[in-house]
Amino acid sequence: MDAIGSHISEFWRVGREADPLYVPVQFQGGPSGGRFDDADREFGVVYGAPDPATCMLEKLRSTSYPAAGEPYSKEPVIDDEHLTDLEARELEIARRPRRVRPDIYECVLVHATVTTPLALLAILQTRVLETLGSHPRIARLLATASRPHLTIGDLLGAGVEIPQTATAILMREVVLGRRWEGIQVLSTHGPRTSYAIFADRLRARSATILIKRITRDDVTLQATARELGLEL
Amino acid sequence: MPASAVQDHFSVDRVFEDVRLEITQIVDPAEIVRKLAYALGRRGVARLTHTSDPSTVSRWITGRAAPHAQTLQRIREGYCVYETMRRYFGSDTAAEQWLTGASARFDYGMPLDALADSRLRDVIAAMKADIIQ
């Protein structure tokens with residue numbers, strides 16, 4: 001199985017058109033669920049990357065919960081009653097369902113025009129993500145993602161199951177030649193397809209906006225990679 | 001709350017001023033930071049104050065360090081906005097998510113970031129608009 005470290009070069013993330021890697025504070029670190037302003041969890045975010053392990057890592061990294069008994073914060077625990085209370089409070093804040101006015105949904109949809117075949121991973125059910133994210137094996141891998149040879153096999157080893165079939169995503173060639181445009185998402189809710197990188201939970205969805213292509217030298221990507229211990 | 005009720009009985013300015021006066025009574029910086037951290041989390045306070053390390057916020061809370069006067073003022077403003085929204089919405093969750101959620105009034109950025117950039121007036125205007133809307 002391929003290692004992430006040697007293959008991650010570019011990936012696409014759904015976000016605001018002007019700044020797709022921008023992540024609001026409520027989703028930074030900690031055990032928050034969802035991405036961006038996916039307030040009511042109406043949309044599942046599909047990650048694209050050259051290999052599925054990267055997608056999985058990216059997805060779970062943004063939605064993982066600490067394993068039972070593990071502290072929410074990586075900060076050194078200070079023996080102070082205020083901070084003890086605060087940690088519990090922060091956990092509560094992070095786990096709150098997000099509420100964002102629907103009128104901004106269209107503004108945070110970012111669709112793709114891709115030129116490289118991507119592996120895409122769609123896990124749309126929050127429950128599945130939370131189950132996976134809190135699995136001790138996954139939690140341990142995410143906490144030690146600096147391993148140079150993390151593989152999809154590591155992520156999905158024995159005892160870890162995704163009780164949802166939602167990884168069948170294809171790209172559709174719409175222009176003669178080698179240009180690929182659009183992403184065909186096989187709906188998990190029936191034999192429907194759409195061409196959006198966002199997959200609506202309730203219905204197939206089509207739209208066309210733009211996406212910023214994140215390249216290897218992107219500053220934020222580099223920082224993310226360093227945090228994950230990946231070499232770009 | 002109906003717009004008319006808001007306008008007639010609880011103007012944003014009035015509630016904000018009430019909160020501001022209340023927070024003025026608190027002289028211990030640690031307590032002010034603690035209140036806002038309890039509302040937004042330490043990461044939220046760190047973002048508001050352009051503090052790169054949230055553990056700095058922990059030190060403010062425990063009294064092991066004190067924020068700079070200008071930083072403390074930013075924290076006071078943040079708490080005033082949060083508490084004003086909390087009183088209107090009747091929900092600490094709604095108030096926190098209003099501050100940290102994307103807003104069309106800030107080009108889909110966060111009101112919290114606008115506060116961090118010393119745009120209190122803009123944030124108050126957005127509060128009024130969202131409450132009366």
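Every chain is numbered from 1 and lettered A, B, ... according to where its sequence line falls, protein lines coming before strand lines.
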If you compare all heavy atoms of A/E87 against all heavy atoms of B/R42, which two are closest, and at what distance to 0.1 Å? CG-NH2, 3.4 Å
About how many Å separate CG of B/D92 and CD of A/E92, when rounded to the nearest 0.5 Å? 6.5 Å
In this structure, CG of A/L86 is separated from OG1 of B/T62 (nearest 0.5 Å) by 11.0 Å
According to side chain to side chain contact (heavy atoms under 4.5 Å, CB included), who are the partners of B/A66, at least two apart in sequence or on a separate chain? none
